[in-house]
Structure formats: C-alpha cells, structure tokens
Amino acid sequence: MKITEVRAYAHTLPRVGDYTMSTSSVGDPDSTILEIVTDSGLTGWGEACPAGPSYQPANAFTIRAALELIGPSLIGIDPRQIGLVRRSIDRAVNGSPEAKAMVDIACWDLTGKAYGARICDLLGGPQADTVPTYHVVGIGTAHEAAASAHDLQSQGHTKLQLKAGGRHIDEDIDSIRAVTNVIRPHVDLFVDVNRGWTVEEVIQVSNACADLRFSIEQPCNTYVECARAKPHLRHPLLLDESAVDLMTISAAISSGVANGFGMKLTRIGGISGMRAVRDLCEATHTPTSFDDSWGGDIIAAACVHIGSTMTEKLSRGVWIADPYIDGHYDADNGPRIEHGRIAVPREPGLGLSIPDGFFGAPIASY
Ligand code: 0XW
Ligand code: MG
C-alpha cells in the first residue's frame with residue numbers, strides 16, 4: 001500500500017451553545033480534516049480542531065501551513081509503517097504537533113482498514129464496549145453551576161469538570177461549593193482553570209475549599225507555576241496544557257507535581273503519542289483523560305479508541321465535543337454520549353463511514 005495523495009479540507013463545526021474557558025472562548029470551531037488516499041483504494045481520515053484561535057499555540061491557519069510541508073513528504077510511503085511516516089514528517093517540519101497528529105490518526109485508520117481491525121484492537125484491545133466520559137459545567141453563577149451539575153448527574157454522568165478562572169476567585173469558590181453540595185456519591189469532580197489562576201490564587205482557593213473533595217486541573221499558566229503551587233495545595237493537581245511531551249509528563253510524575261493528566265491527542269502526537277502516555281500512566285498508576293481541544297467524529301473516534309484500552313480505574317474519561325456540535329460526519333457511527341458513556345466504534349480503523357463529498361472541495365491537495 002502506498003500513499004498517492006493527501007487532501008486537506010476546512011470544516012466549520014456547527015456549534016450548539018456557548019463554551020467559554022478562563023482565558024478564551026471557542027467561537028465557531030474551524031476544523032482541519034485530512035484525507036490520505038492510497039493506491040489500494042482505501043483512504044484514512046485525520047482531524048485537528050483548536051478550541052478557538054487563542055486557546056493553544058496552534059490555530060487553523062498554522063495547522064494548514066504545516067501541511068504544505070508535510071503533505072508532499074508522505075507521497076509513496078506505506079501508511080501502515082507509522083514509525084517511518086513519523087520520521088519522514090519530522091524531517092519535513094519541526095514542531096507542528098497538531099498537523100502531525102492528523103497524519104498519525106489517518107495512518108492508524110488506514111492500518112486498521114487494511115488489516116480489518118479496529119484501532120482499539122491494534123492497541124491491545126478495549127477494556128469494555130463503552131468508555132466513560134466527563135462533561136463540562138461551564139463558567140456561570142453558583143446557582144447555574146449547581147443546576148447544571150444536578151442535571152448532568154441525572155443524565156448519568158459520573159465525572160464532572162467545573163470550569164473556573166477569568167474572574168475573582170470568590171466567584172469560583174462559590175461555584176465550587178455550590179456544585180459540591182449537589183455532587184452525588186461515586187461522582188468525581190475536577191475544577192479546570194485552563195491556566196487562569198496565579199500561584200497565589202490557586203493556593204487561596206485550595207485552602208478556602210480544603211474541606212471539599214475535588215482535583216484541580218491546570219490552575220496556572222506554566223509548568224513552573226503549577227510546580228511552585230503544588231506543595232501548598234490541599235487537592236490533587238492535574239496537568240493539561242503544560243503536559244506538552246513525554247519528558248515533561250514523566251518528570252511531572254516522578255517529581256510528584258502531577259497526580260494525573262488531561263491529555264489531548266493532537267498536542268502529544270496523535271494516537272501513537274497518546275499510546276506512549278497511556279503506557280507510562282498505566283506503569284505509574286497515574287490517571288489520565290483522552291481528549292482533544294475540539295473537533296468532530298474523526299478526532300472523537302480516535303480519542304475513544306485509545307481511551308478504551310486504558311484500565312478503567314486509571315481513565316479520567318474520554319471528552320468529545322459532541323454535546324456542542326449539531327450533527328455528525330457519520331450519522332450512524334459517529335461517537336455520541338449516552339448515560340455518561342460512549343460506545344466504542346465497531347468497524348475497522350476509526351470505524352467511520354464518511355459520505356463522499358461531505359467536506360466539499362479540498363482546500364489543498366498534495
Ligand atoms: C474539556 N476540554 C478537553 C475541551 C476544551 O478544549 C478544553 C479542554 C480541557 O479540559 O481543558
Ligand atoms: Mg483541561
């Protein structure tokens with residue numbers, strides 16, 4: 001099997017409802033879709049969709065610019081040789097993890113389709129037919145947060161992520177208290193600040209809520225700030241945006257800075273990179289989630305496949321943007337949340353059948 005063409009598409013995801021974090025809001029998510037065509041007639045799909053232009057170092061335009069260099073380097077390569085593919089694109093461009101992750105996911109899709117196996121089966125096999133997810137409770141008044149948490153638990157959610165930051169910490173403390181007042185037994189709560197607090201603020205919030213059970217995710221902007229705060233916290237600390245590579249992740253585990261992670265596949269190198277994080281977390285009994293910033297069925301399926309292979313006790317859940325998107329790329333097999341869980345796709349590769357022409361004309365072809 002050889003790669004004969006690489007196509008890139010731009011796809012604006014129809015958003016349902018608002019989604020605001022401490023330092024940014026999602027806006028109209030501009031997803032980049034990658035289609036890798038082979039001489040076997042099989043094609044593979046990848047996707048990368050930042051949560052708005054200011055959430056992370058990459059945006060739709062930088063991702064597409066990187067493809068200008070990556071695309072041509074793929075022609076003639078066997079996509080099943082994912083290690084060779086990685087070395088080729090690393091020679092083509094430095095950095096650009098989101099664009100490279102798209103290639104990785106598309107190659108895993110092609111490999112599964114070529115061998116008639118689901119990606120999760122190629123990764124060691126799913127722990128169950130469904131995976132746990134977590135649902136966000138947005139930034140709002142304490143009453144709104146409590147009402148949302150109540151409703152989500154009634155829908156079967158057992159993992160809640162309360163967004164915080166971007167305002168005085170007294171408002172966050174009020175929301176944390178209001179939500180913990182309605183949290184039911186066996187429901188896990190974590191407060192995700194998306195880098196919005198200072199070291200002083202996270203210490204103050206943790207002390208003010210010392211009597212409450214929750215974890216704190218990415219309170220401060222940098223790894224150094226989170227590490228500086230950690231010894232003073234009364235709550236477990238989770239890293240997300242600062243967990244940028246395996247060296248940082250392993251250092252955070254061995255130093256005791258991180259008690260767990262919120263991981264994004266396109267930040268860490270796609271399915272292949274997330275597999276390495278999974279194995280490190282399994283070996284060190286460190287919980288992690290399997291997420292991405294935003295995106296549709298393609299990135300959602302990739303997260304579900306790798307997330308399904310993690311020991312459930314160590315899985316913090318698989319987050320997908322489905323509740324905030326109107327529609328699917330694959331109406332039948334696109335991942336969706338039911339009673340707090342997501343079904344693992346059943347068909348080979350990613351398990352998606354995307355209709356021809358769904359994304360319109362390519363914006364680029366290599
Ligand atoms: C909840 N997410 C995975 C989706 C948004 O991109 C933010 C992110 C997070 O946990 O930071
Ligand atoms: Mg997070």
Side-chain angles (χ1 to χ4, degrees), residues 13 15-32 47-60 63 97-98 101 131-139 145 148-149 152 157 159-166 172 188-197 202 214-223 226 235-244 248-249 252 258-268 274 277 287-296 299-300 302-304 306-307 315-325 335 337 340 342:
L13 284 162
R15 181 168 47 80
V16 173
D18 293 327
Y19 193 98
T20 301
M21 297 174 277
S22 62
T23 56
S24 64
S25 62
V26 170
D28 291 318
D30 188 0
S31 192
T32 301
E47 180 176 18
C49 182
S54 62
Y55 165 68
Q56 61 206 79
N59 58 64
I63 290 169
E98 293 82 4
V131 296
T133 186
Y134 66 85
H135 202 292
V136 165
V137 176
I139 295 176
S148 172
L152 289 168
H157 286 282
K159 300 177 188 292
L160 299 181
Q161 181 190 79
L162 173 62
K163 290 298 187 184
D172 289 324
D188 296 319
L189 174 65
F190 41 104
V191 176
D192 187 8
V193 196
N194 293 109
R195 302 171 290 130
W197 286 340
V202 64
F214 59 89
S215 298
I216 301 174
E217 179 174 333
Q218 197 68 47
C220 305
N221 186 38
T222 64
Y223 180 93
C226 291
H235 299 86
L237 176 68
L238 310 169
L239 290 182
D240 183 340
E241 292 85 352
S242 295
V244 295
T248 304
I249 291 166
N259 302 109
F261 298 95
M263 288 304 302
K264 297 183 172 72
L265 268 62
T266 60
R267 182 175 69 221
I268 199 69
M274 193 64 219
V277 174
T288 184
S289 70
F290 300 81
D291 312 332
D292 212 69
S293 301
W294 211 265
I299 191 65
C303 293
V304 172
I306 178 73
S315 173
R316 295 189 49 247
V318 174
W319 184 89
I320 62 174
D322 175 50
Y324 306 94
I325 297 172
I337 298 170
I342 307 166

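Whatever order the structure lists them in is the order used to number ligands and atoms, beginning at 1.
Proximity to K264 (heavy-atom distance under 4.0 Å) selects the following atoms of ligand 1: 8 (C), 9 (C), 11 (O). Atoms of ligand 1 lying under 4.0 Å from at least one heavy atom of S293, given by number and element, are 4 (C), 5 (C), 6 (O). Below 4.0 Å from some heavy atom of E217 lie the following atoms of ligand 1, by number and element: 10 (O). For ligand 1, the atoms lying closer than 4.0 Å to a non-hydrogen atom of N194 are 9 (C), 11 (O). Close contacts of ligand 1 with Y55, meaning ligand atoms under 4.0 Å from a residue heavy atom, involve 11 (O). Below 4.0 Å from some heavy atom of E241 lie the following atoms of ligand 1, by number and element: 11 (O). Those atoms of ligand 1 with a heavy atom of A51 less than 4.0 angstrom away are 6 (O). Numbered from 1 in the order shown, with element, the atoms of ligand 1 that lie under 4.0 Å from a heavy atom of D240 read 9 (C), 10 (O), 11 (O).
Proximity of the aromatic rings of W294 and Y55 is defined here by a centroid distance below 6.0 angstrom, and this criterion is not met.
Within the 4.0 Å heavy-atom cutoff, W319 counts among the residues contacting ligand 1. Heavy-atom separations between D292 and ligand 1 include at least one value shorter than 4.0 Å. K163 counts as a contact of ligand 1, since one of its heavy atoms falls under 4.0 Å from the ligand.
Within the 4.5 Å cutoff, no side-chain heavy atoms of V193 are placed close to those of E217. L237 is listed as a side-chain neighbour of C226, based on a closest heavy-atom distance under 4.5 Å. The shortest distance between side-chain heavy atoms of S242 and T248 does not fall below 4.5 Å. By the 4.5 Å heavy-atom criterion applied to side chains, V131 and S315 are not counted as neighbours. Side-chain contact between P219 and W197: present, with at least one pair of heavy atoms (C-beta onward) separated by less than 4.5 Å. When side chains are defined from C-beta on, V136 counts as touching Y324, because their heavy atoms get closer than 4.5 Å. Contact annotation: the side chain of R316 never approaches that of T288 to less than 4.5 Å [non-hydrogen atoms, C-beta and beyond].
For residue E241, no N/O/S atom approaches the Mg ion (ligand 2) to within less than 2.8 Å.
Under 4.0 Å is where a charged nitrogen must lie from a carboxylate oxygen, and between D291 and K264 no such pair does.
Nearest non-hydrogen protein atom to atom 1 (C) of ligand 1 is Y19 OH, 3.3 Å. The single protein non-hydrogen atom nearest to atom 9 (C) of ligand 1 is D192 OD2, 3.3 Å, given as residue, atom name and distance. Counting only heavy atoms of the protein, atom 3 (C) of ligand 1 lies nearest to Y134 OH, 3.4 Å.
Using cut-offs of 30° and 60° for the angle between ring planes, the H157 and H135 rings count as perpendicular.
To the nearest 10 degrees, the angle centred on the Mg ion (ligand 2) between OD2 in D192 and OE2 in E217 reads 100°.
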